There are 2 protein chains.
Amino acid sequence: MTPFKVQILGCGSALPTTMHNPSSQLVDVNGKLFMIDCGEGTQLQMRKLGVRMGRLHSIFISHLHGDHVFGLPGLISSLGLLGRTAELTIYAHQEIEQFLTPFLNFFCKNLSYNVRLVLLKRKGYNLIYENKSITISSFPLKHRIATSGFLFKETEKLRHIKREMIDYYDIPIREINNIKNGADFITAKGEVVPNDRLTSPPSPQRSYAYCSDTAYDESIVPHIKGVDLLYHEATFSESEIERTAKTGHSTARQAAEIAKLAEVKKLVIGHFSSRYKNLNPLLEEAKAVFDNTELAEEGKIFEL
Amino acid sequence: MTPFKVQILGCGSALPTTMHNPSSQLVDVNGKLFMIDCGEGTQLQMRKLGVRMGRLHSIFISHLHGDHVFGLPGLISSLGLLGRTAELTIYAHQEIEQFLTPFLNFFCKNLSYNVRLVLLKRKGYNLIYENKSITISSFPLKHRIATSGFLFKETEKLRHIKREMIDYYDIPIREINNIKNGADFITAKGEVVPNDRLTSPPSPQRSYAYCSDTAYDESIVPHIKGVDLLYHEATFSESEIERTAKTGHSTARQAAEIAKLAEVKKLVIGHFSSRYKNLNPLLEEAKAVFDNTELAEEGKIFEL
């Protein structure tokens, strides 16, 4: 199966701690790395975890709060020092121009590659990137400033052709792809063999959704329905429900409620407030609502 | 003795590695922390090393290359989240305005404290800060852009009054400070006791100099003459002498030559290129010229 995995580089919130770096993660689809958010120290985390910088394809910034973007200047500079030539696309809300343009103008006059900004829409579900393996879409989250969640979904896959049918009907190689795409096969004698006799259904399209930072918001449920893996922020526990509402964040229980409503296969919670030295109460709080929950942790890899 | 020590937070150069963070260090004078340079991850290093953020007094930026300033946005933000109210002064060259002003305007509209920029002069030896324990001065280094070194020097100290003389002449408490300042003592009978009978000379004024980044430049020698501790960059070894010259850096031998010419007591070398996995050759190269040399290292504390 095509590799499709998520590695956590940082799952802390605004104040970094000795336990947690600020937000960043890598989605590895078939060897290409898509970065989501880039808090301070992200390039150091990549080094520490042995991630090859050259595999970085593009960057998706959920929103323009410092703990999600302060690693960009260092990362962009280092990629230049390492001799990158491939254009780097950064998908982000419009406010990024105020942050990044002065930096690029001042520090990156002789950068070895081009940085291209693609601005996210504040409203609606929008396809923002696609290649032959994956589509990436954005949808609005409910936070204090313009914020987007991201859905990574494998593209529609081909049906599996049955080897014994190839032999039985002596199917020529040139027909294989058509059949995988759903075509029937016509034998030399003119016999039509229906596709469902020749093939089994395609593997399911795996999908991953990132929802951070966000308040509890049921309107995201249709966008993330049935995903294999949902990363949902759980900055606080229910005991901080007032602060949660005031700051536009979610509790662990609320993250689990969303996971349950969306019928996802697995939930990972992160973006933990620096006040929690022990995260088990957050995990227990989520598991009470949605059992297949795991805590994010720096370095941890979730395979889909 | 008043505490006067230097703690290394980062001593790598432009490309961070698993061994070294980018440039930053803390000069602790009597409990006040003066930060020199602030590369990415500096606040994370402070956390990791258990440094109390609230003790940070002010920040001195040698020059506006990314590996010396990319930690500022995160640090400034975190100090705000921690509720700092005391003004934070940042001493830096004029280019900092292009970097910091857009950031402050965008991210720090409601910061709990004021950030004050004090611009460094490109030329001459200039006193930039003083309190009752310390003076801090800047002087030009020779790099690709405007760069300053910093000299931290204890203020002139009081003479030590001899306890047995206090008893012998029955010196009243109100006279003690005058005598420590050099005054003679006149007894009740009118006898003049000369100061040098009552006191011993003051402790020497300890001093620390920071020179990074810089090419080999003998014109800095008068500014750092006889310091107790010199931090001088040694980005490369002599085998990279051409690259050293081209990039405006120094070799380990050159750092040691400066230490020797300036007759400093101890040399610490840092700002190591990411190419050196083993720093012993750099240390040996420096020691061949100036024996009392030590390697900088993240977390290491040098007491003066």
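Residue numbers start from 1 in every chain, and the chains themselves are labelled A, B, ... in the order their sequence lines are given, proteins ahead of strands. Small disclaimer: the values here were computed from a predicted structure and weren't measured.
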Item to complete: Identify the two heavy atoms, one from B:Pro16 and one from A:Ser78, that lie closest to each other, and give their separation to 0.1 Å.
Response: CD-OG, 3.8 Å
Discussion item. Side chains of A:Phe103 and B:Phe103, heavy atoms from C-beta outward: is any pair under 4.5 Å?
Written reply: no
Discussion item. With a sphere of 6.0 Å drawn around NZ of B:Lys277, does it hold more than 12 non-hydrogen atoms of other residues, nucleotides or ligands?
Written reply: yes
Worksheet item: Got a sec, which residues hit side chain to side chain contact (heavy atoms under 4.5 Å, CB included) with A:Arg275, two or more places apart in sequence or on another chain?
Response: A:Phe236, A:Glu240, A:Arg243, A:Ser273
Item to complete: Check whether more than 12 heavy atoms from other residues, nucleotides or ligands sit under 6.0 Å from atom NZ of B:Lys121, and answer yes or no.
Response: no
Worksheet item: Considering residues, nucleotides and ligands other than B:Arg122, do more than 12 of their heavy atoms fall under 6.0 Å from its CZ?
Response: no
Item to complete: Could you pull out the closest heavy-atom pair between B:Phe107 and A:Leu64, with the gap in Å?
Response: CE2-O, 3.2 Å
Worksheet item: Picking from B:Asn21, B:Thr101, B:Leu44, B:Asp67, which has the most non-hydrogen pairs under 4.5 angstrom with chain A?
Response: B:Leu44
Worksheet entry | Where B:Thr18 and A:Arg47 come nearest, the two heavy atoms and their spacing | CG2-O, 3.4 Å
Fill in: B:Asn105 versus chain A, the contacting section by heavy-atom distance below 4.5 Å
neither
Fill in: More than 12 heavy atoms of other groups within 6.0 Å of A:Glu87 CD
yes
Item to complete: Against chain B, work out which of A:Ser274, A:Pro73, A:Pro102, A:Pro22 has the most heavy-atom pairs shorter than 4.5 Å and name it.
Response: A:Pro73
Discussion item. Quick check for you: to the nearest 0.5 Å, what is the distance between A:Leu82 atom CG and B:Leu15 atom CG?
Written reply: 5.0 Å
Worksheet entry | Within the 6.0 Å centroid threshold, strictly below: B:Phe70 and A:Phe70 | no
Discussion item. If I compare all heavy atoms of B:Leu75 with all of A:Glu40, which pair ends up nearest, and what's the gap?
Written reply: N-OE1, 4.4 Å
Worksheet, complete the sentence: When every non-hydrogen atom of A:Gln98 is compared with those of B:Phe106, the smallest separation belongs to OE1-CD1, 3.3 Å
